[in-house]
Amino acid sequence: MLGFRNCGLLPLKDDDMLNPPSIERLTVKFQEYLKLSGGLRPGYSASLGTGGERVTAKLGSLMPKVPEVLQAIYSQVSGTSSEEEEPNLIEFIPGYRLIHIDEYEQEIKVLTSILEDKGYSGGGTVLPLLTNYGSDFICYFQSEDGVERICDLLHDYGDLVVMYDSPENFLETLCEFYKQEVYFVDEEGYLDCDLIKEGEVGAALNPEANYWSE
């Protein structure tokens, strides 16, 4: 079981250098995302605050096993408050903010309520990752046989739709959205995207995800 004491970065051993542990790969990819995001939106990365033991300890108190993608993200940052009002500091991806660690427990309750109300019966583990003011979510999902995905869940429907084939693909795809200029800042300062290019890049990097073909 992964407890919060394992949520920090550990130094790589010599035999890990060519094939680093997945937590290390995820953390490095998230750090790349932060760098690319900061290039387009100066100040955004700093606005996410710092991660560390307090943040990862809070996660560990909310769930029996903390997914590695959550460890990787929250070991680095705290997230974005629902009270943030500065347009260029709100969104992690267009339309969604990274849940602040101090609001994470409440967002678990909101997500659980939606799934229960919509009669979700897919099993596995579903945890919030990103959300918006309409209580739509981008979720971490682990099936009962251990397969990890990142899914879209719209409040009005309650269906989990696979967006990214894995947590690593999630972060890799977001980095590509920046590199291929899918993302841009609109006239009001909000993060926006070229929907056609987003679909093309998303589908190419996540061939098993239904989201991009709908």
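Scope of the values below: all heavy atoms of this structure, side chains included, with no hydrogens, waters or symmetry mates. Note that the structure is a prediction, hence the values are computed from the model and not measured.
- Clustering ILVMFWY residues whenever any of their side-chain heavy atoms sit less than 4.5 angstrom apart, transitively, puts Leu171 in a cluster other than the one holding Val147.
- Taking all atoms of both residues into account, the shortest heavy-atom contact from Ile99 to Thr131 is CG1-CG2, 3.8 Å.
- A donor-acceptor contact shorter than 3.5 Å is absent between the side chain of Ser113 and the backbone of Lys109.
- Residues Ser45 and Leu34 share a closest heavy-atom pair of OG-O, 2.8 Å.
- Linking ILVMFWY side-chain heavy atoms closer than 4.5 Å, directly or via other members, places Leu98 and Val28 in two distinct hydrophobic clusters.
- Gln71 is not listed as a side-chain neighbour of Leu59, based on a closest heavy-atom distance of 4.5 Å or more.
- Between the CG atom of Leu154 and the NZ atom of Lys118 there is a distance of 10.5 Å, given to the nearest 0.5 Å.
- Heavy-atom contacts from other residues, nucleotides or ligands closer than 6.0 Å to OH of Tyr157 number 12 or fewer.
- The cluster map of Ile, Leu, Val, Met, Phe, Trp and Tyr, joined by side-chain heavy atoms under 4.5 Å apart, puts Ile138 and Ile90 in different clusters.
- Between Asp165 and Ala209, the shortest heavy-atom distance links the atoms OD1-N, 3.1 Å.
- Here the closest non-hydrogen pair linking Gly123 and Phe141 is O-CE1, 3.5 Å.
- Using a distance-only test at 3.5 Å, with no hydrogens or angles considered, a donor-acceptor pair links the side chain of Arg41 to the main chain of Glu91.
- Between Asp102 and Lys58, some side-chain heavy-atom pair lies under the 4.5 Å cut-off.
- Salt-bridge check for Glu32 with Lys179: passed, with a basic side-chain N closer than 4.0 Å to an acidic carboxylate O.
- Atom CH2 of Trp212 sits about 11.5 Å away from atom CD of Glu200, to the nearest 0.5 Å.
- Taken from CD1 in Ile93 to CE in Met163, the straight-line distance is 5.5 Å, to the nearest 0.5 Å.
- Note on Tyr120: it clusters hydrophobically with Met63, by side-chain heavy-atom contacts below 4.5 Å among ILVMFWY residues.
- Here the straight-line distance linking atom CG of Asp156 with atom CG of Leu153 works out to 10.5 Å at 0.5 Å rounding.
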>> Checking Gln76 against Gln31 for the side chain to side chain contact (heavy atoms under 4.5 Å, CB included) test, could you report, in this order, the C-alpha distance in whole Å, the side-chain angles of both residues, the deciding distance, and whether it holds?
In response: CA-CA 8 Å; Gln76 305 296 302; Gln31 291 170 337; 3.1 Å; yes
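- Of the options Glu85, Glu107, Glu83, a salt bridge (charged side-chain N to carboxylate O under 4.0 Å, His left out) to Arg97 is made by Glu107 and by none of the others.
- Between His100 and Ser82, the closest side-chain pair of non-hydrogen atoms is not below 4.5 Å.
- Residues Tyr104 and Pro128 approach most closely at OH-O, 2.6 Å, considering heavy atoms.
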> When you look at Thr80 and Leu89, which way does the side chain to side chain contact (heavy atoms under 4.5 Å, CB included) test go after all the steps?
Replying inline: CA-CA 8 Å; Thr80 299; Leu89 302 182; over 6 Å; no
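- The backbone N or O of Tyr33 sits nowhere less than 3.5 Å from a side-chain atom of Ser37 that would complete a donor-acceptor pair.
- No side-chain heavy atom of Val66 sits less than 4.5 Å from a side-chain heavy atom of Tyr74.
- Using modelled atom types, no side-chain atom of Asn88 and backbone atom of Tyr44 make a donor-acceptor pair closer than 3.5 Å.
- Between Phe92 and Phe30, the ring planes are parallel. Angles under 30° get that label, and only those over 60° would be called perpendicular.
- Across every non-hydrogen atom of Phe177 and Gly202, the tightest pair is CE2-N, 4.0 Å.
- Residues Val69 and Leu62 share a single hydrophobic cluster, defined by chaining ILVMFWY side chains whose heavy atoms lie under 4.5 Å apart.
- Qualifying side-chain contact (heavy atoms from CB on, under 4.5 Å) partners for Thr112, counting only residues two or more places apart in sequence or in other chains: Ile108, Glu116.
- Considering only heavy atoms from C-beta on, Phe170 comes within 4.5 Å of Leu129 through its side chain.
- Counting only heavy atoms from C-beta outward, the side chains of Arg54 and Ser78 approach each other to under 4.5 Å.
- Checking side-chain atoms of Tyr183 against main-chain N and O of Leu174 turns up no donor-acceptor pair under 3.5 Å.
- Considering only heavy atoms from C-beta on, Asn206 stays 4.5 Å or farther from Ile150 through its side chain.
- Summarising the local packing, CD of Glu105 is surrounded by 12 or fewer heavy atoms from other residues, nucleotides or ligands at distances under 6.0 Å.
- One distance of note links CD of Glu172 with OG of Ser166; it measures 9.5 Å at 0.5 Å rounding.
- Without hydrogens or angle criteria, Ser135 side chain to His155 main chain gives no donor-acceptor distance under 3.5 Å.
- Separating the NZ atom in Lys65 from the CG atom in Leu70 is a distance of 12.5 Å, to the nearest 0.5 Å.
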Report, one line per pair, each donor and acceptor closer than 3.5 Å where one atom sits in a side chain of residues 186-194; sequence neighbours left out.
from   : atom 1 : to     : atom 2 : distance (Å)
Asp186 : OD1    : Glu188 : N      : 2.9
Asp186 : OD1    : Gly189 : N      : 2.9
Asp186 : OD1    : Tyr190 : N      : 2.8
Asp194 : OD1    : Ile196 : N      : 3.1
Asp194 : OD1    : Lys197 : N      : 3.1

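- Checking Glu84 against Ser47 by side-chain atom types alone, no donor-acceptor pair falls below 3.5 Å.
- In this structure, the side chains of Asp136 and Tyr96 come closer than 4.5 Å at one or more pairs of heavy atoms.
- Here the side chain of Arg149 pairs no donor or acceptor atom with the backbone of Val162 at under 3.5 angstrom.
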